[in-house]
Amino acid sequence: MSVFYRIVLLLCLCSTASYATHLLGGEIRAVNLSGQTYRITAQIYFDVSPQGTGASNAQNSIMMCFGDGKTAEVKRTGFDILSGDQNGVAVGSYEVTYTYSSAGIFQISTNLENRSSNMLNFPNSELSQMFLWTVIDTQVSNSTPILPLPVFTAGSKQIFKIDLKSTVTDSDSTTAHLQKLSKTSPGTCGVRSLNENYIYPNDVSKKGIFYVDQASKKLVWNAPDLLGKYIYAVVVDEWRDGVKISETYREGLITVTDKPGSVVEIPPYVPVNDSGLITSLPDSDNLAMVVEAFPVPTEDFLTVNIRSVTATTLRIELINMNGQIVKQINTTDNLTQWSQQLDLRQMAKGLYIVRVTDQLGKFVTRKIAR
């Protein structure tokens, strides 16, 4: 009998293991249908390799929080097996129509068990829940951006990119930034926070750069080194007339393998800058000029670097949250590159906007904190 029970126990453990490694990421979308009514869709990426198929097939529904104290069990409405760069991955859609009783700002979220395991940059990942969220402002008529499907495999010592250029049905601007994984407090609809056990992919080997290229709207890793699985999170902010109207959190997985193809020399390690949303204001889609402002937040001096495709004069303004220009610099020479430290030691604590305008009147903005 003891042998029999050992076999049963072993089968149970194997079954549990197969059900513990199937979530690869996801995000939540919201489409305004009319008034306060929205079509809300959680798009979840599943591992459909042999070890993840059972759990993926069993995830027939999720519990969704609408941010107003209400919840609902949402059934799966679609399950598509992907191919190409997404080979071995399926995308499940969980869709519901919901009407808010009044206008406001709401966090839509879902908390899922059985995150994929064995992440190099997130120990014990299978023991944590995957918390997906999107924030919408129903005081304006709006639908959140639709993100392209992520890529899940990267080549060792090859530059890796994920497209973040969203499809927006409204005439709004979007920016993106990296952040640590989200987690939630206990309860059906908890309060979100950052998971401090998480480190960024390039922190594992202390090599290379992991960042969001704002000009091309791509997540870039230059370049992976160690083979294995890595997890990441990115937030896409949507703006209308300088006001943020939605936030979309995406979580995803990157598996680094020995892919065929040319390799690059991995650049020196640069830590991820997630201390502030340096790019959190729209830049008027002026892709001919790149503005960097760091460190954020800063206590004393702010370094502003500007690169322009064509030589131009520049007006650099520091604007407070009351709309007042508190510092201004005008260049007199036509430049393609400009760099200077701004002394902020006498400035009040708070948020500021760095606005850089070229001679054609096109501008780029960066939001900084002191």
Side-chain angles (χ1 to χ4, degrees), residues 21-27 45-52 82-91 115-126 130 147-166 175-181 195 197-236 250-275 278-279 287 290 292 294 305 307:
T21 58
H22 70 293
L23 294 179
L24 305 180
E27 68 262 0
Y45 305 107
F46 292 102
D47 176 10
V48 288
S49 62
Q51 63 265 31
L82 306 179
S83 59
D85 288 334
Q86 291 85 22
N87 188 44
V89 178
V91 56
R115 185 203 300 274
S116 189
S117 61
N118 300 320
M119 303 291 174
L120 294 182
N121 62 327
F122 191 43
N124 300 320
S125 57
E126 70 275 10
M130 187 173 76
L147 300 177
L149 288 173
V151 177
F152 294 89
T153 58
S156 177
K157 298 181 176 62
Q158 298 177 16
I159 297 177
F160 174 72
K161 297 181 180 181
I162 295 177
D163 190 6
L164 298 175
K165 191 175 293 182
S166 58
T175 57
H177 63 274
L178 291 166
Q179 74 160 48
K180 293 187 174 183
L181 300 187
N195 196 320
N197 293 323
Y198 171 84
I199 62 173
Y200 290 101
N202 64 327
D203 288 333
V204 175
S205 62
K206 297 295 183 181
K207 295 180 181 179
I209 311 171
F210 192 75
Y211 67 102
V212 173
D213 184 331
Q214 294 297 331
S216 64
K217 296 283 195 301
K218 293 182 185 295
L219 172 62
V220 181
W221 190 356
N222 184 11
D225 181 23
L226 299 176
L227 305 184
K229 294 192 293 185
Y230 301 81
I231 196 167
Y232 71 91
V234 65
V235 177
V236 175
R250 165 183 274 184
E251 193 171 299
L253 179 143
I254 304 168
T255 300
V256 178
T257 63
D258 274 324
K259 277 189 172 184
S262 59
V263 299
V264 300
E265 183 177 346
I266 299 176
Y269 169 69
V270 176
V272 170
N273 185 347
D274 64 355
S275 58
I278 298 176
T279 55
L287 301 183
V290 175
E292 300 172 328
F294 57 92
N305 292 335
R307 299 189 303 277

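On a predicted model such as this, the values are computed, not experimentally measured, just so you know.
The shortest heavy-atom contact between S166 and L147 is CB-CD2, 3.7 Å. Between S156 and V263, the shortest heavy-atom distance links the atoms O-CG1, 4.0 Å. Residues P123 and N197 share a closest heavy-atom pair of CD-O, 4.1 Å. The two residues Q158 and G261 come nearest to each other via the heavy atoms NE2-O, 3.8 Å. Here the closest non-hydrogen pair linking L120 and L227 is CD1-O, 3.4 Å. The two residues P267 and A223 make their nearest non-hydrogen contact at CD-N, 4.2 Å.
Here K229 contributes atom NZ and L24 contributes atom CG; the two are 7.5 Å apart, rounded to the nearest 0.5 Å. The distance from atom CG of L181 to atom CE of M119, rounded to the nearest 0.5 Å, is 9.0 Å. If you take CD1 on I231 and CG on L23, they are separated by 9.5 Å, rounding to the nearest 0.5 Å. Here the CG atom belonging to N202 is positioned 10.0 Å from the OH atom belonging to Y230, to the nearest 0.5 angstrom. Taken from OG in S205 to CG in L226, the straight-line distance is 5.0 Å, to the nearest 0.5 Å. Distance check: E265 CD to N222 CG gives 10.5 Å after rounding to the nearest 0.5 Å.
Among residues two or more places apart in sequence or in another chain, the side-chain hydrogen bond (donor to acceptor under 3.5 Å, both in side chains) test is passed with D163 by none. Every residue two or more places apart in sequence or in another chain that forms a side chain to side chain contact (heavy atoms under 4.5 Å, CB included) with V270 is listed here: I209. In this view, F160 and V151, A154, I162, W221, P224, I254 satisfy the side chain to side chain contact (heavy atoms under 4.5 Å, CB included) rule, not counting sequence neighbours. Every ring-ring contact (aromatic ring centres under 6.0 Å, His included) that Y45 has, sequence neighbours left out, goes to F152. Residues forming a ring-ring contact (aromatic ring centres under 6.0 Å, His included) with Y198 (at least two apart in sequence, or on another chain): Y200. By the side chain to side chain contact (heavy atoms under 4.5 Å, CB included) test, N305 pairs with E292, F294, T303, S339, sequence neighbours left out. Checked against side chain to side chain contact (heavy atoms under 4.5 Å, CB included), I199 has the following partners two or more places apart in sequence or in another chain: N121, D203, V204.
The shortest side-chain heavy-atom distance between V220 and F210 does not fall under the 4.5 Å cut-off. At a threshold of 4.5 Å between non-hydrogen side-chain atoms, the residues L219 and L178 count as touching. Residues I159 and K161 meet the side-chain proximity criterion, which asks for heavy atoms closer than 4.5 Å.
Pairs of residues two or more places apart, or lying in two chains, that qualify as salt bridge (Lys or Arg N to Asp or Glu O under 4.0 Å) and include a residue from residues 250-263 are E27-R250, R115-E251. Residue pairs that meet the salt bridge (Lys or Arg N to Asp or Glu O under 4.0 Å) test with at least one member in residues 219-228, sequence neighbours left out, are K157-D225, K207-D225.
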Fill in: N195 and K180: CA distance, side-chain angles, deciding distance, side chain to side chain contact (heavy atoms under 4.5 Å, CB included) verdict
CA-CA 6 Å; N195 196 320; K180 293 187 174 183; 5.8 Å; no
